[in-house]
Amino acid sequence: MRSTRVIKPRIRETLSRELPGGLVELLPKHWVQIGDVLILPLRPELEPYKHRIAEVYAQVIGVKTVLRKGRIGGEFRETNYEVLYGSDTVTVHVENGIRYKLDVAKVMFSPANVKERVRMAKVAKSGELVVDMFAGIGHLSLPMAVHGKARVIAIEKSPYTFQFLVENIELNRVQDRMTAYNIDNRDFPGENIADRILMGYVVTTHEFIPKALSIAKDEAVIHYHNTVPERLMPEEPFRTFREIAREHGYEAEKLNELVIKRYAPGVWHVVVDVRVFKK
Ligand SMILES: C[S@@+](CC[C@H](N)C(=O)[O-])C[C@H]1O[C@@H](n2cnc3c(N)ncnc32)[C@H](O)[C@@H]1O
């Protein structure tokens, strides 16, 4: 989904006839394609020509819509993009045999998280019960249901994102083993039920550890994501997790730790696989 090619010759050729001298060198050489929507990072110098540039990229690459790269933020991790070409931002992206329907302009779908989506397909075990506390459109839990044949309860608070989660369960034909709830995960009533828990969230994930422990069986695996300042690594985020787990009567063992991506200067998005067991 992430292109690192040099600018396609046809884009270069067309725009070098239309842009003032030198600007053609500033055209983006990297872009992200999600389904048939393109996300283009554009330098400020190209601002007056942005719509024409987007049109040419769309025609050459063959996409219906072009967005300008924006920021992701807020509780629902919503994206904030400028539409440069086209209008329809809803698309179906196929990755690792999974069909993800989403609105690229509103729902986060990070190319940097692809390894984790693929890894989750492999760690899930047939028949186990997975609770995804921050399901999004099923980013991490669809692979578990589709490839891992796990049973999944997917919880998503945003009503808009939830619509895509429900559609994706049907698109991938896993209605028999995946159920979605449009609630705040803190209101989820299930206790002592999960073999495995996904906590795919950042910044404040530690606040949700007590709830995760109440959903977990007496022994379970939790895939705990959070953002960590580099100076606190590698002790964090596991140290805080274990501290909170102990306060709630659980022991925690670190099984594995991976860096997902840089979140901000000096801050990393990390995932730790933790085995928890009741003391
Ligand atoms: C950043 S997305 C991540 C999706 C996926 N877990 C991943 O890691 O790729 C987090 C999702 O959690 C949802 N969310 C945030 N707080 C929540 C809560 N308290 N209960 C349920 N869902 C929540 C957001 O709406 C968003 O769709």
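Both counts, for ligands and for their atoms, begin at 1 and track the order of listing. Computation of the quantities below employed the complete heavy-atom set of this structure, encompassing side-chain atoms and omitting hydrogens, waters and symmetry-equivalent molecules.
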Test log, rule side-chain hydrogen bond (donor to acceptor under 3.5 Å, both in side chains), inputs Lys261 and Asn113: CA-CA 8 Å; Lys261 60 177 182 286; Asn113 294 5; 2.9 Å; yes

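Salt bridge annotation for Lys50-Glu82: present, with a cationic side-chain nitrogen under 4.0 angstrom from a carboxylate oxygen. Contact check on Arg242 versus Glu235 returns no salt bridge, with no Lys/Arg side-chain nitrogen under 4.0 Å from an Asp/Glu carboxylate oxygen. At a threshold of 4.0 Å, the pair Lys278-Glu219 does not count as salt-bridged, since none of the basic side-chain nitrogens sits closer than that to a carboxylate oxygen. A salt bridge links Arg119 with Asp273: at least one charged nitrogen is closer than 4.0 Å to a carboxylate oxygen. Under a 4.0 Å N-O distance rule, the pair Arg117/Glu95 qualifies as a salt bridge.
The closest non-hydrogen atom to atom 19 (N) of ligand 1, taken over Val271, Asp184, Thr205, comes from Asp184. Comparing heavy-atom distances from atom 26 (C) of ligand 1 across His139, Met108, Glu156 singles out Glu156 as nearest.
Proximity of Asn185 to ligand 1, defined as any heavy-atom pair under 4.0 Å, is shared by backbone and side chain alike. Counting heavy atoms closer than 4.0 Å to ligand 1, residue Met133 contributes backbone atoms (N, CA, C, O) but none from C-beta onward.
Each of the atoms 27 (O) of ligand 1 lies under 4.0 Å from some heavy atom of Gly136. Ligand 1 places these atoms under 4.0 Å from at least one heavy atom of Phe208: 19 (N).
At a 3.5 angstrom cut-off on N or O pairs, Gly200 counts as close to ligand 1. The shortest N or O to N or O distance between Lys157 and ligand 1 is under 3.5 Å. Residue Leu140 has no N or O atom closer than 3.5 Å to an N or O atom of ligand 1.
For the ligand labelled ligand 1, residue Ile183 lies inside the 4.0 Å heavy-atom shell. Heavy atoms of His225 come nearer than 4.0 angstrom to ligand 1 in no pair at all. Using a non-hydrogen distance threshold of 4.0 Å, Phe109 does not register as a contact of ligand 1.
Hydrophobic side-chain contacts under 4.5 Å tie Leu258 into a cluster, directly or through other members, with Ile260, Val271.
A single hydrophobic cluster is seen to contain both Ile183 and Ile197, as judged by linkage of ILVMFWY side chains at heavy-atom distances under 4.5 Å, directly or through other members.
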